[in-house]
Each structure stands twice: as C-alpha cells, then as structure tokens.
Amino acid sequence: MKHNYSDLLSTLGYEALDIIYGLKNNLLSEKEKRSLVRLLNLSNGDRILEAQIKEILDQNFNQEQKKERLLSLLNYLY
C-alpha cells in the first residue's frame with residue numbers, strides 16, 4: 001500500500017476501489033464501500049495492516065472472496 005490514497009479517492013470516489021482493491025464497486029453495497037475505504041485509511045502507515053491487505057490481494061480470489069476477506073480484516077480490528 002505505502003501510498004496515501006486520499007487524492008485518488010477524492011478524484012475517483014468509489015471507483016478507486018476498482019483500482020486499489022480490484023473490486024468492482026458497482027457490485028458492492030454502500031456500507032461495504034464505506035468499510036473498504038475505512039480499511040484503506042486505517043492501513044495508511046500501518047505496515048502490518050498493509051501487509052495483511054497485500055497478502056489478500058496477492059491471492060487468486062474472486063470478487064466475493066476478496067471482499068469478504070478484506071471486510072473480515074476490518075471486523076477483526078474492531
């Protein structure tokens with residue numbers, strides 16, 4: 001991750017999730033979109049969380065599997 005994605009998010013909105021996470025934002029609920037943006041913001045500067053997200057993204061998961069794993073990672077934090 002190692003980037004601050006706030007500019008990308010402010011420019012593209014939820015379409016940035018397509019680029020960053022490889023998730024089709026039109027298949028996500030509003031709550032899921034907000035949660036994934038929150039996860040992205042929390043990962044900024046958190047090397048452990050960044051590594052966990054990268055590990056999920058590096059796997060050959062389909063849309064649903066990737067989304068569920070990313071959201072469960074956020075749920076684990078709280």
Side-chain angles (χ1 to χ4, degrees):
M1 296 282 156
K2 297 182 188 167
H3 297 90
N4 184 342
Y5 289 111
S6 59
D7 289 339
L8 187 60
L9 286 165
S10 66
T11 302
L12 297 175
Y14 289 136
E15 290 178 12
L17 297 174
D18 295 5
I19 297 165
I20 298 166
Y21 291 134
L23 296 172
K24 296 177 180 137
N25 81 85
N26 60 330
L27 300 177
L28 301 169
S29 71
E30 185 69 24
K31 182 179 178 183
E32 291 169 336
K33 292 174 188 179
R34 287 192 306 260
S35 295
L36 290 167
V37 168
R38 180 167 173 72
L39 179 63
L40 185 63
N41 288 331
L42 289 171
S43 71
N44 189 28
D46 184 332
R47 291 181 187 193
I48 294 171
L49 185 54
E50 288 175 351
Q52 291 171 322
I53 292 170
K54 184 178 181 331
E55 184 177 323
I56 292 169
L57 298 180
D58 287 346
Q59 299 299 314
N60 190 23
F61 293 131
N62 65 34
Q63 165 95 12
E64 190 66 25
Q65 293 168 319
K66 190 184 303 184
K67 176 189 76 173
E68 291 303 319
R69 282 173 174 76
L70 290 168
L71 292 174
S72 68
L73 184 57
L74 181 62
N75 290 332
Y76 176 75
L77 296 171
Y78 293 96

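All residue numbers in this chain count up from 1 along the given sequence.
Leu49 is listed as a side-chain neighbour of Leu39, based on a closest heavy-atom distance under 4.5 Å. With contacts defined as side-chain heavy-atom distances shorter than 4.5 Å, the pair Ile56/Tyr21 does not qualify.
Here OG of Ser35 is found 11.0 Å from CG of Leu70. Values are rounded to the nearest 0.5 Å. The CG atom of Leu36 lies 6.0 Å from the CG atom of Leu23; values are rounded to the nearest 0.5 Å. Here Leu73 contributes atom CG and Glu68 contributes atom CD; the two are 12.5 Å apart, rounded to the nearest 0.5 Å.
Across all their heavy atoms, Ile53 and Ser43 have their closest contact at CD1-CB, 3.6 Å. Nearest heavy-atom pair, Ile20 versus Leu57, reported as atom, atom and distance to 0.1 Å: O-CD1, 3.8 Å.
Not counting sequence neighbours, the partners of Gln65 by the side-chain contact (heavy atoms from CB on, under 4.5 Å) test are Phe61, Asn62, Arg69. Contacts of Arg38 classified as side-chain hydrogen bond (donor to acceptor under 3.5 Å, both in side chains), with partners at least two apart in sequence or in another chain: Tyr78. Residues that satisfy the side-chain contact (heavy atoms from CB on, under 4.5 Å) test with Glu32, not counting sequence neighbours, are Leu28, Ser29, Lys67, Leu71. Take Asn60 and apply the side-chain hydrogen bond (donor to acceptor under 3.5 Å, both in side chains) test, not counting sequence neighbours, and it matches no residue.
In the displayed structure, Glu55 atom CD is contacted under 6.0 Å by at most 12 heavy atoms of other residues, nucleotides or ligands. The local environment of CD1 in Ile48 is sparse, with at most 12 non-hydrogen atoms from other residues, nucleotides or ligands closer than 6.0 Å.
With Glu50 contributing its side chain and Asn44 its backbone, the two residues share no donor-acceptor pair below 3.5 Å. Under the 3.5 Å distance criterion, the side-chain polar atoms of Gln63 are matched with a main-chain donor or acceptor of Lys24.
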Using atom types as modelled, flag every donor-acceptor pair under 3.5 Å from a side chain in residues 11-18 to any protein atom, sequence neighbours excluded.
unit_1	atom_1	unit_2	atom_2	d
Thr11	OG1	Asp7	O	2.8
Tyr14	OH	Glu30	OE2	2.9
Asp18	OD1	Asn25	N	2.7
Asp18	OD1	Asn25	ND2	3.2
Asp18	OD2	Asn25	ND2	3.4

